[in-house]
Every structure is written in structure tokens, then in C-alpha cells.
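Notes follow once the structure below has been shown.
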Amino acid sequence: MNQQGHMASYGQPQPGYQGYQQFAYNQHTAGVPTSQYGPYNGPVQGYEPTAAPQGPLRPTPGAPPTSLPPSTAAQSTAYNQYGQGDIQNGPAMTDQMQRFPVSQSYMPGGQPIAYQQYAPPPSNAQHLPNQMAAMQISGSTSNAPPPISQSYGPPTSHRQTTASFPPTGPAVYTQYSTPLQNISSSIPQAGNPPQQPFSGQTVPASTFTSPPTSTGLTGMNLPPPPGVSRPTAMHAPPLPGQSQTGFPPSQPPTGHYPPQPNHRPAAPQTGVPGVVPGPPTQGFQVHPTQPSQGFIPQQNGSFGQMRAPQPNYAAPYTGTPSYNSQPQPQQKRLDPDSIPSPIQVIEDDKSNRGSEPFSTGVRGQVPPLVTTDFVVKDQGNSSPRFIRCAAYNLPCTSDMAKQCQVPLTAVIKPLATLPADEAPPYIVDHGETGPIRCNRCKAYMCPYMQFIEGGRRFQCAFCSCVTEVPLHYFQHLDHTGKRMDYYDRPELSLGSYEFLATVDYCKNNKIPNPPAFIFMIDVSYNALKSGLVHLLCEELKTLLDYLPREGNAEESAIRVGFVTYNKVLHFYNVKSSLAQPQMMVVSDIADMFVPLLDGFLVNVNESRAVINSLLEQIPEMFGDTRETETVFGPVIQAGLEALKAAECAGKLFIFHSTLPLAEAPGKLKNRDDKKLINTDKEKVLFQPQTNFYNNLAKECVAQGCCVDLFLFPNQYVDVATLGLVTYQTGGSIYKYTYFQAQADGERFLNDLHRDVRKVIGFDSVMRVRTSTGIRATDFFGSFYMSNTTDVELAALDCDKAITVEFKHDDKLNEDNGAQIQCALLYTSCSGQRRLRIHNLSLNCCTQLADLYRNCETDTLINYFVKLAYRGVLSNPTKTVRETLINQSAQILACYRKNCASPSSAGQLILPECMKLLPVYLNCVLKNDVLQPSAEVSTDDRAYTRQLVISMDVAETSVFFYPRLLPVHKMDVDSDDFPVAIRCSEERLSKGGIYLLENGLNLFIWVGMNTQHDLIQSIFNVQSFGQIDSAMSALPMLDNPYSKKLRSMVDMIRAQRPRFMKLIIVKQDDKMEVLFKHFLMEDKSASGGASYVDFLCHMHKEIRQLLS
Ligand SMILES: [Zn+2]
């Protein structure tokens, strides 16, 4: 309605700042630690943005109004925190409201038409079209037991993987037969000239020569002494088919390989398996399609734009030799110890950077790796927990950016959980006129704004526009030009903080109502039979005590509602004044409406008895159901309509078991077809089968209706379609295939607990502003966008990250650097409207070497994964894989060409910060989404795709390269974990026990020769043969090994957003193939290359680009 006025109201600075009373900021002096911000800005709201704590949430004063607004039609009016880009998310839905008169007669207090004592299961209940029957549920009247506070383990989850991977043959690890001659291991060694292109810096390159010298890989280029003969591989086990396991050539057979000099390191290589050199070769084959200067520019994200000729790597690797027409180089082995080791990099970073706090005061600093435990001190730039970049030193020009092909990308996690020892963002209140912003670009006040004219005006760091400082915000400057209150105001001295938003930032200029949670439970046959309904209803009785609360509020402002459904929907009136809940059945699912307003969404404490009674009765009511068909679209519609009617944002928790085959809007058919894999039509499997859910998602976003989906399928349910609304509303999806309450209950309940309790912002819009020269051009994650700048999120929780790509629109300069400001406007769980601001400033460079020296591969991979996972919607997976390989090869080739010191072209030289790019990229390429093995279901692929798309850097990092810990080496006297080992079968000892986790899966692998003592200590049985691999929890034994291992499992689970079910795998057991699927450095059952092979392949690609 008043959208115009609304837009104008904060599109322009508000007049009338005069006379506004200045806040009583304490006059602190410089150097005040951030923790002292508490007293400013009035009482700190006690906002607690950390993830759901394990105990009861904190109480807080001042809960916002919870009263239901008059039941006028909810306007899905667009709104926007930014003075541009109107969002129109569909017309207002008034249908349901018009029909309220009908439903009135069924409401409690009225004269129910079809009022009856509940007797038959609702599925047999009689329904009148376009009407509903109200039923008094009179089953057991037991009062709810007092809420029991259960202590839940930290949340996490589990990627469903079919348990039957094809047995792999004997693993082949070290063999490779590409003409790669010199992967010179760049180990600092006495007497070797260090490759030190940049003085005073760590050497940014890792060079690898085939005969590796040691495991420590850090950039030093060994001068390749020709002709040194190498011992043949000594350590590698003899493997079948060695000579046939080469990597498919990346070029069409040409009859000759790009020849290479035959360089090998001179250093003594005792006992290190190396490479048997191939015939010496000289000179490169010049590839006609490769320009000698630079590389064919490729648009990031545009698949299919490949240089020719196509490398045929991307076709699923079959393991068959493909060098037929090429001169077969002599057999060589590349020692896996000689190539860059993820573990080494992770451990080095831990020891180099884990001890000192990371202070964000210096522009363009690369933070420690996500695997390093470090403390962050916010000194004017956001913590890397909120924003991480692939490059911290951006190229000044778009030409440079094109040349290097390094994506300029940031992974932003606006509501990230911080560790207990780091202060959550302070809340700033600029008063009734709202946050101070730049007049032109609307950037929010931040440390980069430059105050001028004695403090009366400030110049925007983003657009350079000069804006008047409102009187109430005026402050004198010190002799350095800094405001005197610099350290007293978070928005002047910190990278991250929150503003209280004014009514101008609210939908329809109205303070929002607190959000609502609606639990929508499938009560069809499968859901009952698996034990789900019973388990869930039992759990909800206590779980509802843990709804998110604002700060120290005594109770949550969130209201709850309940719906059950199969082919029809059952709404429940749980109004506190009722003695028993009432059920209202809506069988006209073609045109969904909500049959009751009053009594549907209630305060848990007020209605506790009625709610508990309902939860008691639901499993009984439907216990005998024979109904197997379900609807799905109308379920979301019902929740959406309920939120509209209540004029609030909220979240639907949908617990669903089957493909919705029943006649209804959004009805689906089984269209699974695995024959499409590796065809041009494969993308169809990832696309929704109907537009219905796209449109529904749009409506949900407009209302701030987030949909969380818990799936319990026994067969194909079309995750790609069912998950769409979840995906576009910022919701979470969980899948428990073949769910049985007994076996999977723990995982489900832990996930549910975390999901219900976690910090979440509703009805959000995120906007990323940048300084002149770059702009955000692309976004990846779970959200909806109706224009090119505003990321609309029905909700955003603490686990969700959004990956942003930036492109040049002008030149940058080294002096100014580049600034990024992310502003998230959201409604808190109590209905408070807030803006969370994150600021980050980056360096800019004119030398590519500076770019390569300040990169982060984990973030780069996060971007690549999301690019690829979006790409599969419109491209064959083969094309997507090729695109990733191609862009990565260009990144590395550009480094080699422009930054590395001159050396033999036969050497693979990698930038130090990117030396893990090949291994991580290979993990991405081999993942089920891009290269499925035969046993991975279509739903699992769609599910993985959806999960990964909103992962942060830490999650993608461990998901694609799992953590593998040697349990038998753990120090029971220390809190530390044993140092991880590389994910390869050859690293496993038959006498060892290993723990593997990737954030979704958790295995303990037991070698058959493990000492009996250790087996006894951990499994409480005497021998390997007696270990029960069906156990899902380790026995609680009173010895240090058992305690330590169980504590490790607990700690690992606590680190991950989803609960991981423990799977015990015995060596040579049938489950072992599942475990081996995660040994990422090995060749995969689906044809994915081993790390060694892939590195050779990348080398070839790079050489091809350089030649
Ligand atoms: Zn500006």
C-alpha cells in the first residue's frame, strides 16, 4: 500500500535530525577493548546471536508485542531496505480471508456443523468439499508431563548414502603414466637456490619434481639436474594393472606428447619412491588454439564456453588405458608423499597461526585456515567467521582479473555463531531517525567513512559522496582526523555490529509481529509405521520449551501451530481456554485456506496443556491409518496462508515421507531416470518437475515464510522438486532414508533440536555494497532474488552462508583498496527489526604475484563447488567438470607464466597458497553430484547439491576432503586430537583404528590386526571378529581409550551443524566400500581419478595452456 511512501522514507535522509538527543555514550578514550562496548547505546539488548545453546536460552526483558493483528488480508507488499530495486513478490492473497466467514462457524465457540467426538481415524473421516469438519479430540486427557530438559548433543547431520557401493578392486594409488616428468617437490633443502620471487615473503610457489624428496612441501624449486637416475618406486605396493591406469590424456591423441626436459632433483632421495623418468623430451608442442599471450578468457560461471580441443578428462574415467596412440612413457611412479599434502598444509597453518589472535585491523590480511583454531579480534574489519575471501589482494584491473581467472569471491555468513570467547556484534541505536547512511549509495556508517570539515560531514568510502552528519551524531575530530568517540562507537571502530532498525525498515511501515513456527506432520501409513510420528510428537512436548528467545527473555515470543496431513489436512485449535484440542479437516486441498485463526497459533506456555494433549493423541488417532498417499503443495500453502492471516513471518517444519501422488496442486510423478546420467539430459534430474513450487516459493519469500523440510523416504521422493521451496526460502533440508525410529531417532532428534533452537532471522534482505571499481555480480546460496542486488531470504539462520562473486566495473587502486559492506536486514525471533552490518576492506594490486600470495584455496573451492552445483541445472555434468578444470588450469598457468621464476616447463609449479587446488578440485569433481557412482540415488544427488549450496568454507572444506584421524595414535592424556592423515587407503594400517568424518558422515574403521587390548578397551569384545558393526554408539567403558574416543566423537559432532550417525566399518567388511568412497586421494569406484593421476592431468592442462 504505502510502498511509495515507504521507499521514500528511507531512500532519503530524514529531515529533522535537530534536537535529537545524543545518546549518553561514555567518553572512552582510544584503545578501549571491544568488550567494553556494552554500556553504550543504552542498555545492550542482550542479543545473543550464538547458536542454540545447550541449556535453556537466556531470558530477556522487553518482549515485543505478540497480539494478533486484526485479520485483514495479509499484504504481500514488497519492501526494501534500499532505496532502489522494488521487490514485488506476487499479489496479495486474499482468497482465504474471504472465506473466513465459512470457517467461522466451525470455530470454537461457534456452533460446529460437523462437530463430533473423535472416533475414526481422520483418514476415514467424512469430509465435505470446501468445508471442514471440526472434531473434538477427546482421547486421553493426560496432562502433559513437565518438560524434561534433555541434553542433546551438538547438532549435525548425515548425508544419506546408499549402503551399497560397488566393491572396488584393489586400489591403485601410485601409478601414473602421463608424460609428467618433473613434479619437483619444493622442499627447502640446503644448497638449493630457493625460489624466492618476492623478497621478504614466504615463497609463494610450490614446485614439484617427480622424484619427491620429502613430505614437507614448501616452495623451493629444485634445480633439475638432468640425467640423475632414480630408484624405482620402493614403497608403493605392487598393484595390478599398473601400466594401464594412466590418466586419460587431456588432448586428442596427436601421436606425440608435449615433450619435456628430463629433469630430476639432485638431492639424495633415500627411500622415497619416485619416478622412473620417461625419455627425455625437448620443446613443446605449440597448440594452435592457445594464444601465446594469456589465456582465452572465460567467463566465470558460463559453462560450455570451452576452449578447444576439449580435454577428455571430464568424461567419467573408466580406468582403461587411453594412451593408445601415444608413445607410452616409461612407467613412473609419483610418490604421493612428494605432492602437496592437505594435512601438511593444515598442520603448518595450525602451528604457524593458531597461537596468535587474528586481529582484523590490517587491510587485506589472509586469515588462518578454517581448520585452525584461532581467536579473532575485530579491529575494524569483519571476522573471517563472517566473511572469507578467495583473494585478499584484488587485481586493480579487469584485464588482470581475466588474465588470472581467479574468481573474486567472498563467502558471507551473516549470522555465524561465534565462539564463547568472542563478543557477539554490539547493537547500535542511532535513534528514531535510524542508522546513519550515505546519502547516495545508502551504505551504512562504518569505519571506512571519512569525517571531514571538523566532523560536520563524512565522505563515503563506497561512492565518495559527501553527507552531512546529523546534529545528534556530531562529534569533534582529533588531530589525526578521527572522531573523538571513535572507540566508543562500534560502527566507527569495528568490522561487525548491528543497528536497530526503525519502522521505515519494516514491511508496510509496521513493526512486525513475532514470528511463528508451524509443525506440519505427515500422518500417512509410512510415517506412522516407521515410528516417526510417535517419536516426533513425544519429542515436541519438551522441544517446545527451547524455542529461540530474545536475549534474556523469560519465554519465547514465537507462537506455534500444528497441522497433520495425508491426502487431506487437519488443523488443530489449541487455544488455551479449550479443555481439548479441536481438529478441523480441510479436504478441499485444491484451494487451500486456513479454517481457523484464533487458536491456531498460540503461545506455548499458555496452551501447554492443550498442546500436550494433542501431541499425546496424534499418534493414537492415526495409528491404524491405511492411507499411503500424501499431498505436499497444499501443506506449504496452508502454512503460508496461516502466516499471512496472522501477519507474521515464520517457519514451517514439514515432516514428510513420500512422493506426493495424491490429486492436489503440486502433485508429482515418479520421473526418476538414472539412464540420464552422463547424458545431456542429466540436468533434468536436478530441475523441479513442475513450476508450481517455484511460484509457491516466491509467495513464501514475500511473506517471510521459511520452509524446513524433514524427509523420511523409503523410495524416490523427488528431492529436486520437494526441496525447491526450502531452497528458495533459506530453509534447511534433512533426509533420513529408510528411517526407523530405533536406528535413526537419535540423529533426527538432534537435527530437529538444533534446527528449532538455532539463531535465525526472518523476513530478511541482504545487500552487498562495494567501493567503486568492483560490484557484486553473482550470488550462490539458499535464497530468492527478484532483482540483481537484493538477496531475499524468508529466513536466514546461523548455519547458512552466501557466496558472492565480484567483478570489476572500473579500475581499483592500490591506495584505496576495495571495500565490501554486507547489510542484512532481518526480524529477530522476538519481532525486533535489525540490521547486521559486516565490513571488509581488501588490498588491490598491480602485480599478479601479490594476488597469488594472498589467496585462500578453501574459499576458492567453496565458490567452485557452488558454481558447479548451479551449473548442473543447465549443463551436462561433463561440461561442468571441464569448466572447473579449465578455469583452475588457467589460474595455475597464469601463475606459472607471470609469477614463478623461470624454470623448466616440465615442472609443475604451484602458488603456495593454491598448492592444494588440484587435490581439492579433484574431490569436487569426484563427488556424487558431478560424477555419481551407480548406487547413488537421484535424490541423494539432489540432496547433496542442496546442502552444499549454503555451506560455509569450513563445511565445504571437510565435506570434500574428510578428516581421517588415527584413533590408535590418540594421546589419552591430552585434549588434542591425533594429527589427521591423508585420505588414502594406503595410509591405513591393518593394525589401526581410524575415525573419518566429513560433516555429514562419521565412520570408525577398524583394521583386522588391531591389538586385542585396544579392541577390548573400545568395543568391549575380545577380538576383531566379535565387533558388532551394527552398533551405532560406542559402549560406555571406564577406561581412558574409550573415554577419549567417545569424547572425540562428541567434540566432532559439536563442531558440525548436523548430527552424524556413527557407522562402524570393519576391514574387509561389506560396508567398507562405503567408507572407501570417502578416501578422496584414491581412485573412486565411479571412475574419479586419484590425486596423483589428477595432478598429472592438471599439469598437462597447464602445460598445454603455456605452450
Ligand atoms: Zn556512498
Side-chain angles (χ1 to χ4, degrees), residues 179-184 186 193-198 201 203-209 219-224 250-251 257-261 263 281-300 306-308 311 340 390-391 393-408 845-855 857 860 884-918 921 1095-1107:
L180 173 61
Q181 296 290 337
N182 297 293
I183 295 188
S184 83
S186 47
Q195 182 201 352
Q196 187 81 336
F198 317 106
Q201 300 264 358
V203 178
S206 283
T207 323
F208 309 98
T209 326
M220 176 181 297
N221 192 359
L222 298 175
S250 64
Q251 317 173 0
Y257 264 105
Q260 315 165 30
H263 288 155
T281 49
Q282 287 297 329
F284 282 111
Q285 176 194 16
V286 176
H287 205 292
T289 63
Q290 300 303 314
S292 57
Q293 156 95 321
F295 312 97
I296 295 183
Q298 179 175 350
Q299 291 295 319
N300 293 346
M306 301 297 298
R307 63 189 165 79
N393 207 325
L394 308 182
C396 276
T397 65
S398 60
D399 283 350
M400 279 174 74
K402 271 182 196 139
Q403 190 186 358
C404 70
Q405 285 288 312
V406 176
L408 309 180
C845 61
T846 55
Q847 298 299 314
L848 282 171
D850 292 327
L851 164 70
Y852 282 100
R853 209 165 28 211
N854 294 283
C855 283
T857 301
L860 192 60
L884 289 188
I885 293 173
N886 191 31
Q887 188 173 353
S888 301
Q890 293 194 46
I891 291 171
L892 298 175
C894 176
Y895 172 80
R896 173 59 192 264
K897 184 181 171 71
N898 297 285
C899 309
S901 57
S903 61
S904 148
Q907 285 181 317
L908 174 60
I909 304 178
L910 301 174
E912 178 66 22
C913 292
M914 287 190 191
K915 67 184 178 186
L916 297 180
L917 181 56
L921 178 66
L1095 189 62
C1096 296
H1097 176 77
M1098 282 301 288
H1099 189 195
K1100 231 184 325 181
E1101 291 280 314
I1102 293 165
R1103 277 191 326 198
Q1104 204 176 336
L1105 290 168
L1106 291 172
S1107 62

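Values in this document were obtained by computation on a predicted structure and should not be read as measured data.
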Do Leu408 and Pro395 make a side-chain contact, defined as non-hydrogen atoms from C-beta onward lying under 4.5 Å apart?
yes
Indicate the atoms forming the closest heavy-atom contact of Met1098 with Leu892, along with that distance.
CE-CD1, 4.0 Å
As a quick check of understanding, evaluate side-chain contact (heavy atoms from CB on, under 4.5 Å) for Leu917 and Leu860, giving each step before the final call.
CA-CA 8 Å; Leu917 181 56; Leu860 192 60; 3.9 Å; yes
Say whether, by atom type as modelled, one donor and one acceptor occur between the side chain of Thr397 and the main chain of Met400 under 3.5 angstrom.
yes
As an exercise, state the distance from NE2 of His1097 to CD1 of Ile1102, rounded to the nearest 0.5 Å.
10.0 Å
Indicate the atoms forming the closest heavy-atom contact of Asn854 with Asp850, along with that distance.
ND2-O, 2.8 Å
Taking all atoms of both residues into account, what is the closest heavy-atom pair of Leu848 and Gln403, and its distance?
CD1-OE1, 3.7 Å
Heavy atoms, side chains only, cut-off 4.5 Å: are Arg896 and Gln907 in contact?
yes
To the nearest 0.5 Å, tell me how far Cys894 SG sits from Leu851 CG.
8.0 Å
With rounding to the nearest 0.5 Å, note down the distance linking SG in Cys899 to CZ in Arg853.
9.0 Å
Quick one: does Val406's side chain get under 4.5 Å of Met914's, heavy atoms only?
yes
Inter-residue atom distance Lys1100.NZ - Leu1105.CG, 0.5 Å rounding:
13.5 Å
Tyr852 to Cys404 - nearest heavy-atom pair and separation:
OH-CB, 3.5 Å
From Gln405 atom CD to Asn886 atom CG, the distance as rounded to the nearest 0.5 Å:
8.0 Å
When every non-hydrogen atom of Leu884 is compared with those of Leu921, the smallest separation belongs to CB-CD1, 3.9 Å
Would you name the heavy atoms of Leu916 and Thr857 that are closest together and state the gap between them?
C-CG2, 4.1 Å
